[in-house]
**Student:** 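Take a look at the following structure, please.
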Amino acid sequence: MKNAKIIQDLEKLGIKGNYHLSYNPSYEELYQAEVSSENQGFEKAELTESGAVSVQTGIFTGRSPKDRYIVQDDITKDTIFWDGKVNLPTTPEIFESCKELVLTQLSDAKKIYVVDTFCGTNEDTRLKVRFIVEVAWQAHFVTNMFIRPSHYDLENYGEPDFTVINGSKTTNPNWEEQDLNSENFVMFNLTEKLQIIGGTWYGGEMKKGMFAMMNYYLPLKGMASMHCSANVGEEGDVALFFGLSGTGKTTLSADPKRYLIGDDEHGWDNNGVFNYEGGCYAKVIDLSAEKEPDIFRAIKRDALLENVVVNDGIADYADGSITENTRVSYPIYHINKIVLPSKAGHASKIVYLSADAFGVLPPVSILDENQAQYHFLCGYTSKLAGTERGITEPEPSFSPAFGEAFLTLHPTMYSKTLIGKMKEHGAKAYLVNTGWNGTGKRISLKDTRAIIDAIIDGSIESAEKTTIPVMNLEIPTSLPSVSEGILDPRNTYSDVAEWEEKAKDLAAKYIKNFEQYCGNDEAKKLIASGPQLQEQTI
Ligand SMILES: Nc1ncnc2c1ncn2[C@@H]1O[C@H](COP(=O)(O)OP(=O)(O)O)[C@@H](O)[C@H]1O
Ligand SMILES: C=C(OP(=O)(O)O)C(=O)O
Ligand SMILES: [Mn+2]
């Protein structure tokens with residue numbers, strides 16, 4: 001019955017042919033299909049000793065922002081933030097031509113997986129997202145990452161709100177005359193409620209694609225939509241960890257003392273904080289059972305490793321030769337302490353994670369209300385040049401809302417909604433540097449975890465404080481279980497002048513970046529809360 005209806009739905013979309021349909025397959029069925037000897041190329045998966053299977057995603061081992069387009073039409077022309085960088089416009093005609101390619105690809109498939117999921121924990125705001133894929137491990141990935149409907153939910157699923165058609169095996173031969181970036185494409189059509197993918201196999205495009213859609217629909221309803229992880233304590237106290245890729249959202253939210261809500265994408269409505277996802281997508285580069293026990297233990301049967309080097313069935317997390325962005329996806333219940341459904345009350349602690357490769361930012365700063373807004377709009381972190389360790393040529397990156405790549409509306413929509421919620425619920429904000437200091441080494445995970453503990457148990461508030469000049473940030477001078485002498489970054493340099501020079505450099509970058517918001521009086525007032533160059537304060 002259900003299968004006949006799904007086949008009809010696919011036909012309406014334009015997928016015809018003689019395929020075998022697998023609707024919301026079990027993990028067991030997925031596993032059998034993934035390791036089947038009939039698989040070719042990147043379809044192949046291999047079993048590892050932990051019980052997790054391992055796959056390769058080909059040339060794309062990360063997202064491909066330059067190939068990501070949104071159809072500009074009546075619905076989107078005045079709502080999407082067309083910044084010329086993140087949300088690239090395309091036409092309905094080009095979308096149709098790429099859709100045709102994806103439909104043709106899937107019409108030739110021997111097997112099609114249709115996976116009906118939810119994106120968003122709450123019934124009133126969740127999207128019913130249908131994935132249509134031909135590769136078993138892609139069906140596995142979305143089963144891990146999205147919310148798995150119960151049998152009852154599936155019986156009553158109705159029509160999906162959004163459909164993702166993944167044609168990763170096809171590419172677009174007409175990209176040049178269509179003035180596109182390449183033969184690969186990730187395209188969204190909000191009128192047709194469709195995402196289509198061609199050329200890239202990276203799972204993150206499906207996960208972060210739907211995040212971008214939630215970032216469109218929810219703020220328009222007055223909710224905060226956030227690129228952050230979240231956990232909750234025994235007392236119901238909720239903490240959020242914002243940050244760009246690699247800053248520690250996933251790592252720091254897996255805390256054995258607390259219950260995980262989610263590791264990457266959340267909303268905040270009148271009832272509290274809720275997850276969009278049903279799984280986690282953790283980096284596994286240099287993963288060890290000692291440093292990250294919860295994530296290490298989550299890698300077992302049903303987890304899916306991406307781009308990890310595997311020797312004789314043994315995953316080598318230290319080997320970054322395929323990419324530094326090695327990943328594992330797993331259903332959220334692989335973490336021992338979780339709340340289900342993935343939601344809790346209002347947040348009281350807001351942590352902004354920044355991995356500062358310049359070694360300027362203190363390991364922790366206490367932000368006031370205006371600073372909370374200023375630093376949210378800045379979203380500073382730094383990307384390391386290449387994959388080299390150390391701090392040779394760090395590249396500063398200012399990413400509003402700590403998630404520019406996924407913002408579909410103007411950045412101020414996200415700061416307005418978040419700051420509104422923070423004020424309403426008296427949440428306090430902190431800026432935590434999980435990156436480097438004057439020693440040239442990354443601040444240890446142990447110290448960062450102790451800092452997070454002090455934020456969560458409130459002991460940071462009673463610590464003695466001092467102000468860091470130039471950066472204009474208030475810091476505690478000591479905290480329980482945090483290494484002596486690291487809290488004031490100036491003490492980690494043999495010569496304070498060296499810190500000061502770097503700080504002035506970074507401050508200038510903050511100031512320049514903030515100019516884009518200064519058209520508005522309210523934002524202009526925030527300048528005083530940011531870094532200050534001496535010349536300006538005289
Ligand atoms: N002080 C630190 N705080 C957080 N993460 C750290 C720290 N030092 C090293 N790391 C490493 O940095 C990476 C953070 O990645 P992850 O938690 O996946 O970030 P995100 O989820 O924000 O993309 C992990 O590999 C972690 O082991
Ligand atoms: C999956 C991603 O998220 P993050 O690195 O923040 O975990 C991504 O940005 O592609
Ligand atoms: Mn993460």
Side-chain angles (χ1 to χ4, degrees), residues 62-63 144-145 203-204 207-208 211 226-231 240-255 260-266 275-277 279-296 298-299 305-308 317-320 323-330 332 335 351-357 359 361-364 379-384 387 389-391 397 399 401-406 430-437 439-453 455 481-483 486-487 489 492:
R63 283 177 296 101
N144 280 353
M145 292 310 303
K207 165 196 154 59
K208 281 291 185 8
F211 179 46
M226 312 175 293
H227 187 217
C228 68
S229 59
N231 63 22
L240 304 181
F241 305 86
F242 285 86
L244 286 167
S245 192
T247 55
K249 293 182 299 300
T250 301
T251 306
L252 298 169
S253 60
D255 177 341
L260 181 68
I261 305 172
D263 84 323
D264 200 50
E265 310 169 1
H266 292 82
N275 193 357
Y276 293 170
E277 303 183 283
C280 303
Y281 198 27
K283 287 187 186 50
V284 293
I285 193 75
D286 294 327
L287 184 77
S288 71
E290 295 69 40
K291 279 197 289 196
E292 293 174 75
D294 297 274
I295 294 172
F296 194 88
I299 305 177
L305 294 161
E306 287 178 32
N307 301 313
V308 173
Y317 300 125
D319 192 332
T323 173
E324 283 285 307
N325 189 25
T326 52
R327 295 271 181 166
V328 62
S329 69
Y330 46 82
I332 194 155
I335 297 286
V351 178
Y352 300 155
L353 303 170
S354 170
D356 176 24
L361 288 184
V364 59
Y380 166 72
T381 196
S382 39
K383 292 181 187 160
L384 288 186
T387 52
R389 285 165 87 225
I391 37 175
S397 161
S399 181
F402 297 95
E404 186 178 36
F406 324 111
Y430 305 84
L431 179 64
V432 169
N433 175 10
T434 61
W436 284 256
N437 63 22
T439 62
K441 284 206 209 103
R442 195 161 175 183
I443 294 160
S444 75
L445 198 46
K446 188 171 157 291
D447 280 324
T448 301
R449 287 201 207 273
I451 286 168
I452 300 294
D453 289 348
I455 290 174
S481 310
V482 174
S483 305
I486 67 158
L487 288 170
T492 63

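For the single chain, residues carry numbers from 1 onward in sequence order. Since the structure is predicted, the reported quantities are computational estimates derived from the model, not experimental observations. Just so it is clear, the values below take in all heavy atoms, side chains as well, and ignore hydrogens, waters and symmetry mates. Whatever order the structure lists ligands and atoms in, that order sets their numbers, starting from 1.
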**Student:** Is the closest N or O pair between L252 and ligand 1 shorter than 3.5 Å?
**Tutor:** no
**Student:** For residues L287 and I299, determine if any side-chain heavy atom of one lies less than 4.5 Å from a side-chain heavy atom of the other.
**Tutor:** yes
**Student:** Test of understanding: with side chain to side chain donor-acceptor pair (under 3.5 Å), list the residues that count as partners of T247, not counting sequence neighbours.
**Tutor:** none
**Student:** Does some non-hydrogen atom of L244 fall short of 4.0 Å from ligand 1?
**Tutor:** yes
**Student:** So is D263 polar-close to ligand 1, meaning N/O to N/O under 3.5 Å?
**Tutor:** no
**Student:** Report yes if some heavy atom in the side chain of L305 is under 4.5 Å from a heavy atom in the side chain of T326; otherwise report no.
**Tutor:** no
**Student:** Select one of side chain, backbone, both or neither to describe which atoms of K249 lie under 4.0 Å from any atom of ligand 1, heavy atoms only.
**Tutor:** both
**Student:** Classify the ring geometry between F296 and Y317 as parallel (under 30°), tilted (30 to 60°) or perpendicular (over 60°).
**Tutor:** perpendicular
**Student:** Checking contacts here: is it the side chain or the backbone of S444 that comes within 4.0 Å of ligand 1, counting heavy atoms only? Could be both or neither.
**Tutor:** backbone
**Student:** Give yes or no for whether the N/O distance cutoff of 3.5 Å, strictly under, is met between R327 and ligand 1.
**Tutor:** no
**Student:** Please say whether I443 places an N or O atom under 3.5 Å from an N or O atom belonging to ligand 1.
**Tutor:** yes
**Student:** Does T250 bring an N, O or S atom to within less than 2.8 Å of the Mn ion (ligand 3)?
**Tutor:** yes
**Student:** Is it the side chain (CB and beyond), the backbone, both or neither of T247 that lies under 4.0 Å from ligand 1, heavy atoms counted?
**Tutor:** both
**Student:** Would you say D255 and L252 make side-chain contact, with heavy atoms under 4.5 Å?
**Tutor:** no
**Student:** Is ligand 1 under 4.0 Å from a heavy atom in the side chain of E292, in the backbone, in both, or in neither?
**Tutor:** side chain
**Student:** Would you check whether A282 has a nitrogen or oxygen atom less than 3.5 angstrom from a nitrogen or oxygen atom of ligand 1?
**Tutor:** no
**Student:** Numbering the atoms of ligand 1 from 1, which are under 4.0 Å from a heavy atom of T250?
**Tutor:** 17 (O), 18 (O), 21 (O)
**Student:** Select the closest option to atom 24 (C) of ligand 1 among L353, D286, V432, T251, judged by heavy-atom distance.
**Tutor:** T251
**Student:** What residues form a side chain to side chain donor-acceptor pair (under 3.5 Å) with S229, not counting sequence neighbours?
**Tutor:** none
**Student:** So do D264 and K208 actually touch side chain to side chain, heavy atoms under 4.5 Å?
**Tutor:** yes
**Student:** Tell me whether the rings of F242 and F402 are parallel (<30°), tilted (30 to 60°) or perpendicular (>60°).
**Tutor:** tilted
**Student:** Any side-chain to backbone donor/acceptor pair from H266 onto C228? Under 3.5 Å, distance only.
**Tutor:** yes
